There are 2 protein chains.
Amino acid sequence: MTNIKHVATLAGVSASTVSRVLNGKSYVNETTRQKVMEAVQKTNYRPNVLAKSLKMGRSNTICLMVPSIQNLIFPEIARGVEDVARRNGFTVVLCNTDEDAAVEKAYIDKMKTRWIDGFVVCSNIGEADHIRALRVEGFPLVLVNRFEERDINVLDTVAVDSFQAAYDAVQYLVRTGHRRIALAYGREELYFYRERYRGYCQALSDAGLPYEEALVMRESSGVDSFYRLTQEVMRLPQPPDAIFTTSDPKAFVVMHALHDMGVRIPEDVSVLGFDNVSLSSMVEPPLSTVAQPLYDMGAVAAKNLIHQIRYKEKNGELPPPVRNVLGVDLIVRRSTR
Amino acid sequence: MTNIKHVATLAGVSASTVSRVLNGKSYVNETTRQKVMEAVQKTNYRPNVLAKSLKMGRSNTICLMVPSIQNLIFPEIARGVEDVARRNGFTVVLCNTDEDAAVEKAYIDKMKTRWIDGFVVCSNIGEADHIRALRVEGFPLVLVNRFEERDINVLDTVAVDSFQAAYDAVQYLVRTGHRRIALAYGREELYFYRERYRGYCQALSDAGLPYEEALVMRESSGVDSFYRLTQEVMRLPQPPDAIFTTSDPKAFVVMHALHDMGVRIPEDVSVLGFDNVSLSSMVEPPLSTVAQPLYDMGAVAAKNLIHQIRYKEKNGELPPPVRNVLGVDLIVRRSTR
DNA sequence: ATGAAAGCGCTAACAG
DNA sequence: CTGTTAGCGCTTTCAT
């Protein structure tokens, strides 16, 4: 690898001059600038980012922490993050945590020693104060999707309005004639699932429909538990005429169970999902769902993070936190009537 | 951030001694070792990886290059890579290339300036000599899934035996009574798709079945083109009684088209996929498929890469390339009879 | 406008 | 066994 000194001697100048022309921070005589550029070309010189980072205390690298990239929604988010990172000269390090606090902590620790510039995290942050601590320590941080109510406007967040989205979704179901709407609830420790639940309740109530505990399916052991829960709810004396699921993967399981029971979708019961994961259009029937702009969420998160990084560089402190709320789209396909 | 000097003065020794106890390369008096460890604890000292990398010419970071993490198979592979990387103290940088040679080159360039230790690449390497060049330049490199025949035993590779897997799959179809087996061919510029095609042809021929060009569906514009192709093939005077697809996403599209035509699966036609992507068990009917051990492929690739890195460190040169061939499993679900 | 020198934090000879 | 020194490649005062 050719270094700045080679270039300098080749151009007949000092290393500092080369640095100056490359970083354009200071004025340099046009003719020497030319000479330097020539030498750079000739040697195909690339500055050593490590050395630069060491010197500058900045690595142009950000860390993306997700529970698991195997979970359908995170590849989309990750792609959004990576695209804007790349366009801004940043590199992204991928960390799968499996929602294990120990792994998370170990990763954070490791990232700090690399002088990572900031963190985009989609973690289960309920108890995760080691994540919140990041901002206190001065690290740019943005939370995507997973955070608590108390984090809003305290930390930077990006998400959809889960309450409103669920409310609108259920209202749609009511408007299209459904009267007994079941809910496939997600893990209750996650704020956004609680919000979707609230939206469901509120929409029911505003429509004058009763809330029935028997109609809310509560996940016990992973998404697969909805297979059994679907069977149970459909065997009720008065089974539901629609099932609103708080995520697409749950909808897939529900549809599967329904199919195995010989229940027709949407003739006997409508199924409405949440997320619009890439495969939701491929199942049979194609799933109606509330589309979260996953890619955009990643992109917005990265933009916000990079803004924080630059702001901090300039002002020595983090900008005030901002809450990014993105809109959803109701995609009507063929699983609802 | 506390640095090695703080620790040194706190422990009343020199920086080199601290370095020595932390890296355990050289013997250190037990009592001074104690003192140092104490100081390390007290200050919660973490070595600055950047400085270390700069000094050592190694970053403990590897680069994972994929066309797009949004493509269903790459999250699994990525997870395999990341898990073994983490367990070995490596960090992974994620690069989505969209199979764009320019993006690939830019990434490689950038990675080199970070002194990345090695590359795991799942790229469209047909013409990509900038990838092959990596090994010539001394970079540890392993190719997953995508490579040409001429790369085998020249570069490190990991993949399944696509020919054999396809051969066995078609043989299974024949054994279960299918006589007119269509093939959903993939992009022909990819070696592994050509191999699957070869396996298909050979199995047909060995079973005494004729090869019919009309029965091979050739992708024109992305996976969606199989919707139309399926319609066409099913409208043939003698339609197929089975469709073997060279990837699961193609199978999903095929099934979709079949369903829309009112063709029953598997009663009228069996569908057999390839990959065993996580969603293949969730579609209706659950997809029978040739399971590639995607996670393991990633894990093996990372292991191989790390071995190369260590070998090179020790011997100053790369070890001879190895070809890793992993086994597949035929998963029979309900889309085949 | 440019060069010399110091230093980011660490490791590895080289002495002792 | 341990301290001193040099240097990885870069940026940034401070002189000139």
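To find a chain, count down the sequence lines: A is the first, B the second, and so on, and within it residues start at 1. Because the structure is a prediction, the values reported are computed rather than measured.
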Given salt bridge (charged side-chain N to carboxylate O under 4.0 Å, His left out), test D83(B) with R79(B) step by step and report yes or no. CA-CA 6 Å; D83(B) 280 359; R79(B) 193 60 211 269; 3.1 Å; yes
Using modelled atom types only, decide if a donor and an acceptor are shared between the side chain of D151(A) and the backbone of E148(A) within a distance under 3.5 Å. yes
Would you indicate what T32(B) reaches in the nucleic acid, counting non-hydrogen atoms under 4.0 angstrom: base, sugar-phosphate, or nothing? sugar-phosphate
Rounded to the nearest 0.5 Å, the CG atom of L294(B) sits from the CG atom of L72(B) at a distance of 9.5 Å
Closer than 4.0 Å, any side-chain N/O of S26(B) to the OP1 or OP2 of dT2(D)? no
Output all residues satisfying side-chain contact (heavy atoms from CB on, under 4.5 Å) with N324(B), sequence neighbours left out; order by chain, then residue number. V158(B), V300(B), N304(B), V322(B), L326(B)
When every nucleotide of nucleotides 7-16 of chain C is labelled 5' to 3' by its protein contacts under 4.0 Å (heavy atoms), B for base, S for sugar-phosphate only, - for none, what sequence of letters results? BBBBBBB---
Applying side-chain contact (heavy atoms from CB on, under 4.5 Å), name anything that partners T91(B), two or more places apart in sequence or on another chain. V93(A), K110(A), M111(A), R114(A), T61(B)
